[in-house]
Amino acid sequence: MRFKRSKAVFAAIALASTLAACGNAGGDSEGVDVKAKEVDAGKFEAGSKMAELADAGKITVGVKYDQPGLGFKDASSDIPTGFDVEIAKLLVADLGIDPTDTGAVTYEETISDNREPYLQKGRVDLVLASYSITDDRRKVVGQTGPYFLTGQQVLVAADSDIKGIEDLKGEEVCSVTGSTSLENVEAAGAVGAPADTYSQCAEDVLNGSVKAMSTDGSILLGLAAQNDGELKVVGDEFSEERIGVGYSLDSPEMCGWINGVLQEAYDNGDWAKAFEATLGGDGVETPEPPALDDCAA
Amino acid sequence: MNAVLDNLELVLRAFSYTVLLFLISGVLSLVFGTLLAAFRVGPIAVLSRAAAVYVTAIRNTPLLIILIFFRIAGPKVGINFNFIDIKIGDLTLNNLFAACVVGLTVYTSTFVCEAIRSGINAVPLGQAEAARAIGLPFSGAMREVILPQAFRASVPPVASVQIALLKNTTVAGALGVFEAFARMKSLINDDVASRNAIFLTFAVIFVVLVEVVSFGANRLERRWRIAR
């Protein structure tokens with residue numbers, strides 16, 4: 001009797017892990033084909049971080065692995081996909097490094113918690129991991145951009161009659177531990193339910209443990225696409241997140257270079273192409289690129 | 001430090017969750033663990049075998065897997081705690097909280113069982129024989145003679161198990177309960193510049209909480225020492 005029960009337990013755990021592994025990103029698109037650019041002598045000032053990286057021919061970029069549409073890596077692929085990654089590729093290519101060469105470019109997984117320490121310790125050279133620009137973060141790391149504007153929305157079960165965050169006062173709303181989203185949820189009067197990953201939150205919404213989850217609309221759209229017909233995104237954006245690029249305060253010269261590359265991508269349409277290949281889709285209009293911050297500091 | 005003081009209310013609420021998780025699963029695991037220990041040393045072969053299998057299976061499984069079973073796999077197969085919805089002031093004890101309490105209890109009670117069993121083994125065999133000789137049944141001998149002595153002998157290991165439980169509650173922070181560890185992560189995200197100060201403050205509060213438990217255990221040990 002006992003044995004049967006433990007068998008059922010193991011079966012259930014095995015089932016849960018298989019289901020978790022089954023998710024597929026919003027689309028099968030490999031993204032935009034970005035070619036490495038020739039670096040002329042003197043393009044980067046001698047001694048700058050960019051010159052150092054271009055000379056070494058190696059770079060480490062911090063990205064998310066669990067956010068479909070922004071930064072997502074499944075078990076079978078070598079390079080993560082998503083909008084963050086596309087922008088990272090543009091920056092890498094500008095250094096004369098082939099963004100698809102995994103020997104030269106390391107796409108290191110950074111979770112919300114370790115983005116600042118990784119930059120401070122030099123473990124990653126750049127962070128493009130749905131990294132909202134905030135004043136507090138700018139005290140310890142460099143941030144520039146934004147290359148994308150998004151806002152927090154709510155994801156609920158497809159048959160739910162919740163219309164937005166207003167309907168969730170006093171209810172549990174899931175988001176990732178240590179993220180800005182979780183605080184915005186609490187500020188809006190809901191009870192925050194912390195989880196380790198966004199996929200776990202989506203799982204909780206699916207099985208009814210929580211009524212809703214909330215984070216940047218772009219992440220929710222990706223999750224809703226993964227679970228088509230079971231989840232939907234509702235409500236207006238109730239916060240503004242300015243997604244930017246993180247770099248180390250030790251090399252402030254990177255700010256100007258990043259802004260330069262972003263501006264060029266805005267002008268020549270690479271930015272729009274990157275958007276369409278990842279977050280865009282049927283019925284999603286490509287927005288105007290946001291205005292870049294100055295690199296005064 | 002300011003980051004903690006400015007959010008004192010949130011920090012207090014987070015530690016209330018931590019303490020509640022600890023107290024509720026602590027008491028439940030003591031009760032359930034004692035029961036398991038009694039089953040294991042008892043004369044009924046089926047119960048003794050069942051308790052042994054349970055303890056072996058659970059004790060060798062990582063806590064996180066057990067919690068994930070109750071929190072994520074459970075709801076998929078219809079095991080949920082949605083009927084629980086208690087509000088105490090600002091604290092909500094909901095289905096997620098209940099799942100964490102159940103997971104922690106299931107896990108900790110196996111360790112309590114083994115600690116108490118070690119206490120039972122420390123009771124001289126003559127005590128049990130004497131209890132049987134004066135006509136006490138197994139339950140009576142257990143209740144009146146063996147367990148009281150076993151508890152005294154097992155205060156230090158049981159206290160260790162409970163301290164481990166107090167620290168294990170931090171796992172619940174990844175599973176939907178806004179306890180101290182989850183709150184610490186939020187504060188650090190909010191105020192990156194003082195991450196070291198925030199971390200140290202929370203670590204110190206944890207040390208204080210553990211010290212309180214150790215102190216209580218110490219007192220019990222002293223008070224009960226005269227017995228033999």
Side-chain angles (χ1 to χ4, degrees), chain A residues 1-3 5-17 19-20 111-117 119-120 132 134-141 170-183 185-186 191-197 199-201 203-204 206-211, chain B residues 3 7 10 13-14 46-47 49-54 56-58 61 64-66 68-82 85 87 90-92 94-99 171-179 181-195:
Chain A
M1 197 49 206
R2 275 283 158 183
F3 244 106
R5 192 171 299 171
S6 21
K7 264 186 197 159
V9 169
F10 290 132
I13 292 173
L15 182 70
S17 38
L19 283 174
I111 57 164
S112 293
D113 274 343
N114 62 20
R115 292 176 297 201
E116 291 88 14
L119 281 173
Q120 286 173 314
S132 331
T134 68
D135 290 340
D136 276 319
R137 284 182 179 150
R138 275 191 165 156
K139 285 178 197 158
V140 285
V141 294
E171 298 278 1
E172 279 81 32
V173 177
C174 188
S175 199
V176 165
T177 327
S179 68
T180 327
S181 316
L182 201 51
E183 278 145 41
V185 162
E186 290 193 301
V191 179
D196 245 4
T197 59
S199 40
Q200 191 190 319
C201 279
E203 197 59 44
D204 276 349
L206 280 174
N207 68 31
S209 293
V210 296
K211 290 233 170 70
Chain B
N7 295 292
L10 294 176
R13 197 191 307 167
V46 179
L47 285 182
R49 195 78 51 79
V53 168
Y54 175 85
T56 315
I58 301 293
T61 310
L64 189 60
I65 292 187
I66 292 171
I68 283 180
F69 171 73
F70 284 104
R71 229 342 236 98
I72 296 168
K76 271 192 195 298
V77 291
I79 306 171
N80 60 45
F81 305 92
N82 291 346
D85 191 8
K87 280 196 167 37
D90 279 344
L91 304 176
T92 23
N94 53 14
N95 51 345
L96 310 182
F97 183 89
V171 179
L175 294 167
V177 180
F178 228 131
E179 49 68 66
F181 185 62
R183 180 58 69 190
M184 181 186 82
K185 284 179 137 190
S186 276
L187 289 182
I188 286 179
N189 178 62
D190 214 16
D191 188 356
V192 212
S194 36
R195 57 162 62 218

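All values below come from the heavy atoms of this structure, side chains included, with hydrogens, waters and symmetry mates left out. Within every chain, numbering begins at 1; the chains are lettered A, B, ... in the order of the sequence lines, protein sequences first and strands thereafter.
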Please give me the minimum heavy-atom distance between B:G173 and A:T177, naming the atom from each residue. O-OG1, 3.8 Å

Main-chain N/O of A:E203 paired to A:Q200 side chain as donor or acceptor, under 3.5 Å: no

Tell me, please, which residues at least two apart from B:A193 pass side chain to side chain contact (heavy atoms under 4.5 Å, CB included). A:K139, A:V140, B:D191

Best-contacting candidate, A:G208, A:C174, A:A193, against chain B by heavy atom pairs under 4.5 angstrom: A:A193

Under 4.5 Å from any heavy atom of chain A, what part of B:R195 do you find: side chain, backbone, both or neither? side chain

Given that the side chain runs from C-beta out, which part of A:D135 has a heavy atom under 4.5 Å from chain B: side chain, backbone, both or neither? neither

With a 4.5 Å cut-off on heavy-atom pairs, point out which of A:V191, A:T197, A:L206, A:D196 contacts chain B the most. A:D196

B:N95 versus B:R71, side-chain donor and acceptor atoms under 3.5 Å: no

Tell me, please, which residues at least two apart from A:V176 pass side chain to side chain contact (heavy atoms under 4.5 Å, CB included). A:S179, A:Y198

So which of B:L187, B:N94, B:I188, B:I79 has the biggest tally of heavy-atom pairs under 4.5 Å with chain A? B:N94

